[in-house]
Amino acid sequence: VATAGGPVRAMLLLASFAGLRAGEIAPLRAEDVWDHAPEPVIFIRDGKGGHGGTAPLPPDLIAGLAGCGLPRRGWLFPRRDGQPGPLKAWSVSHKVNAHLHELGIPDTLHSCRHRFGTQMLRASGGNLRVTQVGMRHASMASTQRYTFVGNDEVAEAAAGIPSLSLLSA
């Protein structure tokens with residue numbers, strides 16, 4: 001994220017720290033970002049499956065987006081070919097992926113969404129339901145595929161199980 005500038009930086013931030021999909025980033029308008037609300041959110045007008053919703057807008061994300069030079073009104077990511085409207089989702093993915101690959105990073109914009117899911121799971125104390133809602137998944141099975149559980153986390157959980165000697169006393 002630190003090496004990206006302007007719109008690409010904003011796209012990376014939105015995927016990594018709000019869990020937005022390329023198809024949710026592309027049509028965002030400045031009016032959809034409620035950064036001064038008591039509970040700041042991003043309104044998603046047309047998410048996957050035609051469902052709208054909201055995404056969290058934590059203080060660090062607000063600060064990060066403030067430095068991206070985004071428009072204050074209208075499309076956050078307008079087309080640059082002279083046509084009206086926002087970038088297409090494939091263009092958002094292409095721009096971010098090209099930036100990452102230029103740096104030798106094999107990940108993609110979609111990998112950032114997986115990162116968000118994993119971090120959401122950890123921050124919620126392992127609450128898969130909170131993670132499901134935060135990622136706007138209809139199915140818990142989808143959420144499970146988006147999250148990574150490391151061997152160290154499994155070992156730590158196993159170490160917390162009462163030992164057999166304690167149970168027989």
Side-chain angles (χ1 to χ4, degrees), residues 1-35 40-72 74-81 83-124 128 130-150:
V1 173
T3 61
V8 171
R9 181 182 180 95
M11 293 169 189
L12 277 165
L13 289 169
L14 289 165
S16 299
F17 297 98
L20 270 62
R21 302 169 175 96
E24 295 169 339
I25 294 171
L28 278 177
R29 300 180 65 84
E31 297 81 7
D32 298 332
V33 181
W34 286 35
D35 54 354
V41 296
I42 300 168
F43 284 96
I44 299 165
R45 296 169 190 261
D46 189 21
K48 189 171 182 179
H51 301 286
T54 61
L57 191 54
D60 287 347
L61 180 53
I62 294 170
L65 291 172
C68 293
L70 297 174
R72 295 201 179 274
W75 304 113
L76 287 185
F77 308 105
R79 291 176 60 150
R80 301 288 185 202
D81 61 2
Q83 299 295 318
L87 290 176
K88 301 292 185 195
W90 65 264
S91 184
V92 169
S93 290
H94 177 76
K95 288 176 181 300
V96 171
N97 296 349
H99 174 75
L100 293 172
H101 297 161
E102 284 173 13
L103 296 173
I105 299 170
D107 292 302
T108 63
L109 177 73
H110 196 71
S111 301
C112 297
R113 185 165 158 75
H114 282 264
R115 178 210 175 275
F116 173 79
T118 298
Q119 295 302 316
M120 176 73 83
L121 182 67
R122 290 176 179 161
S124 70
L128 197 58
V130 168
T131 305
Q132 177 189 8
V133 171
M135 295 190 74
R136 296 166 319 284
H137 279 152
S139 164
M140 187 77 74
S142 295
T143 306
Q144 290 173 316
R145 289 191 304 268
Y146 271 76
T147 55
F148 173 79
V149 178

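Numbers here simply count residues along the sequence, with the first being 1.
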> Ile42 and Pro56: which non-hydrogen atoms are nearest, and at how many Å?
Replying inline: CD1-O, 4.4 Å
>> If you apply the rule side chain to side chain contact (heavy atoms under 4.5 Å, CB included), what do you find for Val33 with Leu70, and how did you get there?
In response: CA-CA 11 Å; Val33 181; Leu70 297 174; over 6 Å; no
> Do Ile25 and Phe77 come close enough that some side-chain heavy atom pair is under 4.5 Å?
Replying inline: yes
> Val133: what forms a side-chain contact (heavy atoms from CB on, under 4.5 Å) with it, not counting sequence neighbours?
Replying inline: Arg129
>> Which heavy atom of Ala22 sits nearest to which heavy atom of Ala89, and what is that distance?
In response: CB-O, 3.7 Å
> What closest approach, in Å, do Ala26 and Pro86 show between heavy atoms, and which atom pair accounts for it?
Replying inline: O-CB, 3.2 Å
> How far apart are the closest heavy atoms of Gln144 and Leu128, and which atoms are they?
Replying inline: CG-CD2, 3.4 Å
> In Å, rounded to the nearest 0.5 Å, how long is the span from CZ of Arg21 to CZ of Phe116?
Replying inline: 11.0 Å
> Tell me, do Val92 and Glu24 make a side-chain contact under 4.5 Å, heavy atoms counted?
Replying inline: no
Contacts table for residues 103-115: side-chain donor-acceptor under 3.5 angstrom, sequence neighbours left out:
{"residue": "Thr108", "atom": "OG1", "partner": "His110", "partner atom": "N", "Å": "3.3"}
{"residue": "Thr108", "atom": "OG1", "partner": "Ser111", "partner atom": "N", "Å": "3.2"}
{"residue": "Thr108", "atom": "OG1", "partner": "Ser111", "partner atom": "OG", "Å": "3.3"}
{"residue": "His110", "atom": "NE2", "partner": "Tyr146", "partner atom": "OH", "Å": "2.8"}
{"residue": "Ser111", "atom": "OG", "partner": "Thr108", "partner atom": "N", "Å": "3.1"}
{"residue": "Arg113", "atom": "NH1", "partner": "Gly19", "partner atom": "O", "Å": "2.3"}
{"residue": "Arg113", "atom": "NH2", "partner": "Met135", "partner atom": "O", "Å": "2.8"}
{"residue": "Arg113", "atom": "NH2", "partner": "His137", "partner atom": "NE2", "Å": "3.3"}
{"residue": "Arg115", "atom": "NH1", "partner": "Ser16", "partner atom": "O", "Å": "3.1"}

> Can you list every pair that meets side-chain hydrogen bond (donor to acceptor under 3.5 Å, both in side chains) and has a residue in residues 86-100, with sequence neighbours left out?
Replying inline: Thr3-His99
> Do Leu121 and Thr143 come within less than 4.5 Å of each other through their side chains, counting heavy atoms only?
Replying inline: no
>> Under the rule for side-chain contact (heavy atoms from CB on, under 4.5 Å), what residues qualify as partners of Asp60, not counting sequence neighbours?
In response: none
>> Looking at every heavy atom in both Thr131 and Gly117, which two are closest together, and how far apart are they?
In response: CG2-O, 3.5 Å
>> Measuring only between side-chain heavy atoms, which start at C-beta, is Asp32 closer than 4.5 Å to Ile44?
In response: no
>> Using only atom types and a distance under 3.5 Å, with no angle test, would you say the side chain of Arg136 pairs donor to acceptor with the backbone of Gly134?
In response: yes
> To the nearest 0.5 Å, what is the distance between CZ (Arg145) and OG (Ser139)?
Replying inline: 6.5 Å
>> Test of understanding: with side-chain contact (heavy atoms from CB on, under 4.5 Å), list the residues that count as partners of Pro71, not counting sequence neighbours.
In response: Leu76
> Do you know the tightest heavy-atom contact between Ala55 and Ala18?
Replying inline: CB-O, 3.9 Å
> Which residues satisfy the side-chain contact (heavy atoms from CB on, under 4.5 Å) test with Glu102, sequence neighbours excluded?
Replying inline: none
> Do Leu57 and Leu65 come within less than 4.5 Å of each other through their side chains, counting heavy atoms only?
Replying inline: yes
>> Return the CG to CG distance between Leu87 and Asp81, rounded to the nearest 0.5 Å.
In response: 8.5 Å
